[in-house]
Structure formats: C-alpha cells, structure tokens
2 protein chains.
Amino acid sequence: MAVTRLGRNPMYQQIADTLRAQIADGTLAPDAKLPTEAELRAEYGVSRETVRRALGLLLNEGLIVSARPQGHFVRRRRPMVFRPQAEFRERPYTPEMDAFMTEFSEEGREPRQEIAVAIEESPPDIAARLHLKAGQLAAVRRRIRYLDGEPFNINDSYFPLDLVRDSEIMRPESITRGANAVLGELGYQQLRALDELHVRMPTPEEARRLDLGPGTPVACHVATGYTAAGQPVRVAVSVLPGDRHIVSYERIRDDENGEA
Amino acid sequence: MAVTRLGRNPMYQQIADTLRAQIADGTLAPDAKLPTEAELRAEYGVSRETVRRALGLLLNEGLIVSARPQGHFVRRRRPMVFRPQAEFRERPYTPEMDAFMTEFSEEGREPRQEIAVAIEESPPDIAARLHLKAGQLAAVRRRIRYLDGEPFNINDSYFPLDLVRDSEIMRPESITRGANAVLGELGYQQLRALDELHVRMPTPEEARRLDLGPGTPVACHVATGYTAAGQPVRVAVSVLPGDRHIVSYERIRDDENGEA
C-alpha cells in the first residue's frame with residue numbers, strides 16, 4: 001500500500017503562507033514593517049529557528065527585504081517600463097500604450113549612465129547572431145543605467161568591428177541621436193529586429209553590479225537588428241532586474257490595417 | 001582610515017565560481033554529471049559543509065539539478081518559443097523570425113492541456129484592466145499546458161462575464177478556432193493588445209503546479225486585448241517558467257513600410 005502524506009505543511013511554511021497572503025491582499029502594504037521575530041514566535045508559539053525559516057522563504061521569493069537592525073519590510077516595487085518598440089518608433093502606436101506609459105512615467109527621476117567601450121571576440125551566442133567568423137572582432141558598448149543614483153539595468157551592445165571602426169560608436173560617451181542613427185549614417189540602417197527574452201537568476205557579477213537583493217531574478221532581453229538585406233548589424237543585450245522593470249509591447253491586428 | 005576588504009572570496013564561492021565557469025564555457029555540458037561531493041572535497045581540500053554550500057549556490061541559481069542518489073547534473077534547458085504576436089498573425093512577419101521558429105520548433109513533442117472554467121470576482125489588477133466595476137464578474141478559463149507529459153506553463157484568460165455568458169468560452173474544452181475567434185463572432189473582435197512582462201520568483205502554488213526546481217524564476221506575461229472602440233475584452237495571464245521558455249517578438253521599422 002502506498003504511503004500517503006498526511007497532515008498540514010510544516011509550521012514555517014504555514015507562517016510564510018499567512019504573511020504571503022497578507023502581502024498579496026495588501027494587509028501588509030509595500031514598505032510596511034513585518035511583525036518582529038519575537039512577535040511571530042509569540043503569535044505562533046514556535047522557535048526562533050522556525051520564524052527565521054519562514055522569513056527566509058519570503059526573502060528568497062523576493063517578497064520582503066531585511067534591514068537590520070530595524071527588521072523586515074514588504075518590498076516596494078517601483079518598476080520602469082522597458083518598451084523595445086521605442087527603438088523604431090518613439091511614440092506609442094495605440095491609445096492603450098499611451099495611457100500605460102503615462103501611468104509608469106519616470107518623470108522627476110534622474111537618469112545617468114556609465115559607458116565603457118571594448119574591442120573583443122564576442123561570446124559564441126553573440127558571434128552567431130552577428131554572423132561573425134572565427135577571429136572577427138566585435139565592438140562592445142557596455143552601459144550601466146542609473147535612476148536617482150540606483151543601478152537600474154545593464155545594456156551591452158555588440159557591433160561587427162569592421163562596420164563601426166571609425167565611428168562615434170567607439171567613443172565611451174553618450175550618443176545623443178543614438179547608436180542606431182550612427183549605424184544608419186554608415187549605411188547599415190536597421191529595418192527589422194528579433195527580440196528574445198530569457199528569464200533566469202542573475203550571475204553573482206550581475207547581482208553585484210546591479211545591487212540585487214535575494215530572490216531577484218532578471219529578464220535578459222536580446223535584440224538583434226537587421227538591415228533590409230538581412231545583415232545583422234547590432235545585438236543589444238539588456239539585463240533587467242525583475243523588481244525594477246516591466247517589459248511592454250503593443251500589438252495591432254494586421255489583417256485590418258496593415259500594421260504589425 | 002577606511003577598512004578595505006582584503007583577500008579572496010570564501011572557499012565555497014570560489015568552488016561555485018569554478019563550476020559556474022565550466023558550465024558557461026561548456027566544459028560541463030548540459031546533462032553532464034558534476035564531480036561527486038567526495039571528489040570536490042578531495043580536489044579543494046575542504047569540508048563536506050563547504051562543498052554543499054557551493055552546490056547550494058548553483059542549485060539556487062538554477063544552473064544544476066540534484067538527482068539523489070546519483071548526484072548533481074548540469075541543467076538542460078529545452079526552451080519553447082512563446083510568440084505573443086502569433087495571436088494576431090500566425091505566420092511570422094520577418095525571415096529572421098521564420099528561421100528562429102524553425103530552430104526552436106516543437107516538432108515531435110506531444111502537447112496536451114487541462115482546462116477549467118470558473119466564474120468569479122477577478123483580482124483587483126485584472127478587474128482594473130477589464131474596466132470591471134465592483135460586483136461585475138469575470139469568466140476565467142484556466143489552462144495548464146503540457147509537452148510530452150511535463151507541465152510547461154499556466155495560462156489563465158479572463159473575460160467580462162456579460163460578454164461571454166452564453167458562448168463556448170464557458171465550456172471546459174479546447175476551442176479549436178481559439179477563444180479570440182469566439183469573441184469576434186460575439187461582436188468583440190480584438191484589434192489591439194497591450195503586453196506586460198513581469199519577472200519574479202514563483203509562488204509555492206505555481207512551483208507545485210509547474211513542478212519547478214529551485215532557482216527557477218517565472219515570466220508573467222499579461223496581455224490585454226481591446227476592440228476597435230478601446231473596450232478591453234480579454235486579459236490573458238501566462239506564467240512561463242524561465243527554464244522552459246523564450247519569449248520572442250519581431251519588430252519592423254514603421255516609417256519605411258507602414259508596419260509596426
């Protein structure tokens with residue numbers, strides 16, 4: 001006869017379940033302080049170890065943050081909208097996206113970026129997307145973007161070195177009109193792009209550069225840009241912490257009006 | 001004088017770093033067996049506890065899986081492509097997406113889905129997207145999709161109950177021509193959609209339903225569909241485990257050819 005599991009979940013899971021439900025329904029609002037360890041011990045009649053395991057679960061799920069010695073707090077998410085379609089059209093296509101962008105507007109927050117430029121053999125997956133042969137080098141513009149002094153995301157753009165060798169793209173400075181405009185002036189205007197989104201835990205290096213707390217996964221957005229002839233001329237890799245971004249797209253049915 | 005941190009990272013982190021690098025560069029390929037705990041202890045001259053902490057890091061990053069009693073293995077990712085634009089146009093717009101879809105084709109894998117239909121007050125964020133007032137109910141079609149018997153993703157679609165009450169959408173069965181076609185026949189064809197992607201750790205309920213291992217974040221894809229008049233008629237929430245999906249979009253520069 002098969003042994004069936006009887007009874008309820010372990011106590012630390014039950015405590016975590018209760019707190020998680022309170023966070024989900026807003027009883028514990030963003031930035032609210034959780035009961036102290038002593039209060040939780042008294043309320044549930046459990047050991048310090050049990051309380052710590054419960055809080056550890058919620059930390060790993062990214063629902064709370066620990067701020068010693070004050071205690072634990074409900075994590076506030078203050079996402080910015082990452083809209084890849086802005087690359088080819090700054091203004092939204094639809095009234096719905098217009099409203100959405102207004103709701104999540106970054107007005108009043110101070111943007112800043114750090115830029116470094118390197119020449120290197122790109123990783124195999126990037127080289128494949130750029131159709132680079134062995135030994136062909138890429139120019140890489142690595143950016144960390146900050147909002148109000150906090151690191152927000154990483155954006156690394158790879159270009160075939162042969163195309164951009166003598167251009168502004170090689171200078172570690174902001175390009176006001178954008179690297180894509182420079183590519184266009186060089187005769188490599190991008191007409192199409194393929195976007196891929198992967199979701200994963202950050203590497204320790206990313207966690208350090210982006211100052212990520214426990215339980216913070218990232219979206220890795222890889223955009224490959226193509227000329228009219230189908231030549232890949234740029235791969236932009238953005239690493240977007242889950243607690244700081246919403247990636248958003250708009251779609252329009254094309255059999256009605258010719259748009260995508 | 002400021003105290004500066006001297007020396008290297010703790011030993012368990014160094015071991016994890018070495019193994020992570022070997023996974024990244026393919027020295028340890030997908031499905032490869034890692035050295036045993038005893039082998040790692042001997043190689044680095046460390047305690048069992050140190051080896052376990054190193055492996056624990058990689059487990060939490062989703063890079064390896066534990067299969068007792070055989071040991072630890074490099075996680076194999078076998079992603080499927082989730083292409084939201086297929087909703088409005090099955091065939092890709094660009095040759096690049098055509099090639100990409102072929103590369104990640106699910107040919108030969110057996111799809112199956114479980115469907116349940118419910119009538120409920122929807123959560124506040126869904127009600128807001130559907131412009132539902134207090135007390136207005138939604139019809140929900142909840143699906144779990146399987147590939148080769150493994151749970152792959154969750155898709156919950158919400159409709160204002162008043163619109164779909166007497167339609168096939170209320171039946172817990174597959175709709176071959178799609179729920180969107182049914183909406184169209186009812187006079188609510190969707191012409192536009194706004195997609196939002198959030199990245200987070202799964203809830204314990206999601207982890208259970210989707211059989212997620214440690215260190216597996218999810219993308220939560222929320223698509224709101226609108227009629228020509230701007231009436232929201234559907235919200236589809238997909239929960240996509242990071243180890244099983246790539247979300248992909250294609251973009252076309254619109255000032256050249258009128259497409260999005």
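We name chains A, B, ... by the order of the sequence lines, and we start the count at 1 in each one.
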Between A:E96 and B:R192, does any side-chain N to carboxylate O distance fall below 4.0 Å?
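Answer for the salt bridge query: yes.
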Quick test of your reading of the model: are A:E87 and B:R251 salt-bridged, counting only N-O distances below 4.0 Å?
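Yes, this pair counts.
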Given the options B:G242, B:A193, B:P202, which has more heavy-atom pairs under 4.5 Å with chain A than any of the others?
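Most pairs with chain A among the choices: B:A193.
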Shorter than 4.5 Å, heavy atoms on both sides: which option in A:A223, A:P123, A:G62, A:P84 has the most such pairs with chain B?
A:P84
Which answer fits [X], side chain, backbone, both or neither, if we ask what part of it has an atom under 4.5 Å from a heavy atom of chain A?
X	value
B:P92	neither
B:R20	side chain
B:D25	neither

Rounded to the nearest 0.5 Å, what separates atom [atom1] in [X] from atom [atom2] in [Y]?
X	Y	atom1	atom2	result
B:L191	A:T94	CG	OG1	11.5 Å
B:R200	A:L63	CZ	CG	9.0 Å
A:Y249	B:L197	OH	CG	8.0 Å
A:L57	B:M201	CG	CE	11.0 Å
B:L194	A:M97	CG	CE	5.0 Å
B:D17	A:T203	CG	OG1	10.0 Å

Side-chain touch A:R89/B:R253, heavy atoms, less than 4.5 angstrom:
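No, side chains not in contact.
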Quick one: does A:P204's side chain get under 4.5 Å of B:E61's, heavy atoms only?
yes
Could you please state which residues from residues 208-222 of chain B sit under 4.5 angstrom from chain A, measuring non-hydrogen atom to non-hydrogen atom, sorted by number, or 'none'?
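Within residues 208-222 of chain B, the residues that come under 4.5 Å of chain A (heavy atoms only) are B:G215, B:P217, B:V218, B:A219.
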Expected contact set for residues 224-239 of chain B against chain A at heavy-atom separation under 4.5 Å reads B:Y226, B:G230
Quick one: does any side-chain atom of B:S248 pair with a main-chain N or O of A:E196 as donor and acceptor, under 3.5 Å?
no
Which region of A:F100, side chain (C-beta onward) or backbone (N, CA, C, O), has a non-hydrogen atom less than 4.5 Å from a non-hydrogen atom of chain B, or is it both or neither?
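A:F100 touches chain B through side-chain heavy atoms alone.
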Looking only at heavy atoms, which two atoms of B:I252 and A:F88 are closest? And how far apart?
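Closest approach of B:I252 to A:F88, heavy atoms only: C-CD1, 3.8 Å.
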Take a 6.0 Å sphere around CZ of A:R177 and say whether it holds more than 12 heavy atoms from other residues, nucleotides or ligands.
yes
